[in-house]
Number of protein chains: 2
Amino acid sequence: MVAGLPKIKASAPTTRRHPKYEKRMASILKAASRVIARDGFEGASVRDVAARGKIGLSGIYYYFKGKDELLYAIQYHAFSTLVSSLKDRLKEASSPEEKLRAVIDNHFTFFVNNMDEFIVCVHEMESLSGKYYKNVLAVRQEYFRVVRRTVGELFQGSQYETDLAALSLFGSLNWVYMWYDREKNRDIDKIISQFLRVFLNGIAKA
Amino acid sequence: MVAGLPKIKASAPTTRRHPKYEKRMASILKAASRVIARDGFEGASVRDVAARGKIGLSGIYYYFKGKDELLYAIQYHAFSTLVSSLKDRLKEASSPEEKLRAVIDNHFTFFVNNMDEFIVCVHEMESLSGKYYKNVLAVRQEYFRVVRRTVGELFQGSQYETDLAALSLFGSLNWVYMWYDREKNRDIDKIISQFLRVFLNGIAKA
DNA sequence: GCTAAATTTGAACGAACGTTCGATTCTGAA
DNA sequence: TTCAGAATCGAACGTTCGTTCAAATTTAGC
């Protein structure tokens, strides 16, 4: 899953690795997502990540170059998954309305199933810099491009207006982590339909 | 402006204060908003705030109990202004459509005129705790209540659905700080009308 | 100009941070 | 069983952080 990363880390495929290697790496990333989602990137400590990942503090640095690379791996993997699964879903959708539903469903479902990673992606968008930021930005922009195209097929307006419509949709979808409650909002299909209704027909009375 | 704060600070109105006092306090808050908006609350350093506020590091603690109180003052003041100005605008609006425009206009205009404070409010919503968090939450919830009532007058649906429609609107409006560019988006009335159109009529073609 | 209070300062504290590194333990192939 | 290398660990380094406090400076009223 993390193998497809652009070669920012030393690739070094010559060395032999233990079978546990990938599992351990994923476990650390899971712990990092949890801690960063809760405390923010600056507020999160590598020591806390290590404790949750059942590894020593310095053990983290055997798998990752530094704290930045933890955030990078989380974000790059999440956005890649998001854009990949969206493209798959869009192929199976025919009408523009179905495509919009695919966009909303894909985004919201990813959120429900990967809350920590989602929060880290939305809330720590500006926490990276340099190559890390640039690479994540590229995937993020590709994701936006796909969504904007879908919105464009529905929206009657200029490109400027289509952009704003797509950005409005993103805003609504990314804001969910501020109010969504697993206990209170158990019927996610209902929420998805509601999002679709609001953006398809607006909130005005019939 | 900060005088109306709930008495978390020692009120101490007995002591005499210099005329510069309020100006100095506002200057520090402005600097804090700038730094926190850029670096995040955890990433922002009191030293940086002090430097930008043209005051010594320890001077900050003459005006504020600690770093938390800086964030508290910014957020409480911003939300109070937001809810107060919204109520004024709603009085002058007659139709539900005009009220929705007032909501969007009020929110977006505040953002354009107070970007740093806006970002600090949206991005650092969970950075406070205890009494600070509780007091800000109260004003924030009152603001939401007013907006939800406006949306409810337009939206044909259950309370659950009205909530989600209002939360969608909030999401779109709060997301603007991620894409708004003062140079590129100079016509803010156009943006406001676009927001209104999307939420009033949806994004579907006529 | 004197004085007491308001304001500002500089230096210092302990704590927590990210990162490094040599030593140690574990593991899989011979 | 042996052993090279992968994986983990413990301790420490230097830096930056929020906060404190006594001393110095500035201010307003007499």
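Proteins get letters first, then strands, A, B, ... in listed order; numbering begins at 1 in each.
Of the candidate nucleotides D:dG18, D:dT8, C:dT7, D:dG18 has the atom lying nearest to any side-chain atom of B:V46. For B:Y21, counting side-chain heavy atoms from C-beta on, the closest listed nucleotide (C:dT20, D:dT20, C:dT7) is C:dT7. For A:I55, taking side-chain heavy atoms from C-beta onward, the closest of the listed nucleotides D:dC9, C:dG18, D:dA7 is D:dC9. Which of D:dG18, C:dT19, D:dT8 sits closest to the side chain of A:L57 comes down to C:dT19. The nucleotide whose nearest atom lies closest to any side-chain atom of A:Y62 is, among C:dT9, C:dT19, D:dT8, D:dT8. The side chain of A:R47 approaches C:dT19 more closely than any other nucleotide in the set C:dT19, D:dA7, C:dT8.
Checked against the 6.0 Å centroid criterion, the rings of B:F170 and B:F144 qualify as a close aromatic pair. Annotation: A:Y143 is in aromatic contact with A:H107 [ring centroid separation under 6.0 Å]. When ring centroids are compared, A:F155 and A:F199 stay outside the 6.0 Å threshold.
Relative to the ring axis of B:F195, B:K190 does not place its NZ or CZ within 45° and under 6.0 Å from the centre. Cation-pi geometry between B:K67 and B:Y61 is not met: the NZ or CZ atom fails to fall both under 6.0 Å from the ring centre and inside 45° of the normal. Geometrically, B:R24 does not engage B:Y21 in a cation-pi contact, judged by NZ or CZ lying under 6.0 Å from the ring centre and within 45° of the ring axis.
Distance, B:D39 CG to D:dT16 C1': 14 Å, rounded to whole Å. Protein atom CZ of B:F41 is 12 Å distant from nucleotide atom C1' of D:dC17, rounded to whole Å. Atom C1' of nucleotide C:dC26 and atom CZ of A:R24 are separated by 12 Å, given to the nearest angstrom. Put simply, CD1 on A:I60 is 12 Å from C1' on C:dG18, counting in whole angstrom units. One can place CG of B:D48 at 10 Å from P of D:dG18, the figure rounded to the nearest angstrom. Nucleotide D:dG18 holds its C1' atom 15 Å from the CG atom of B:L71, rounded to whole Å. Spacing between atom CZ of B:F64 and atom P of C:dT7 amounts to 13 Å, rounded to whole angstrom units. Summarising the geometry, the separation between CD on B:E42 and P on D:dC17 is reported as 12 Å, rounded to the nearest angstrom.
Annotation: the terminal axes of the helix from C:dG1-D:dC30 to C:dA30-D:dT1 meet at 20°, where each axis is the rotation carrying the C1' atoms of four end pairs onto the next four (5 pairs per end, rounded to 10°).
For A:Y63, a side-chain nitrogen or oxygen approaches OP1 or OP2 of D:dT8 to under 4.0 Å.
A donor-acceptor pair shorter than 3.5 Å cannot be found between the side chains of B:H77 and B:Y72.
In this structure, A:A44 reaches the sugar-phosphate backbone alone: every heavy-atom distance under 4.0 Å involves primed, P, OP1 or OP2 atoms, never a base. Residue contacts shown for B:G56 are limited to sugar-phosphate atoms, with no base heavy atom under 4.0 Å away.
Salt bridge present: A:E117 and A:K30 bring a charged side-chain N and a carboxylate O closer than 4.0 Å.
Residue A:S58 places a side-chain atom within donor-acceptor reach of the base of D:dG10, judged by atom type and a 3.5 Å distance cut-off alone.
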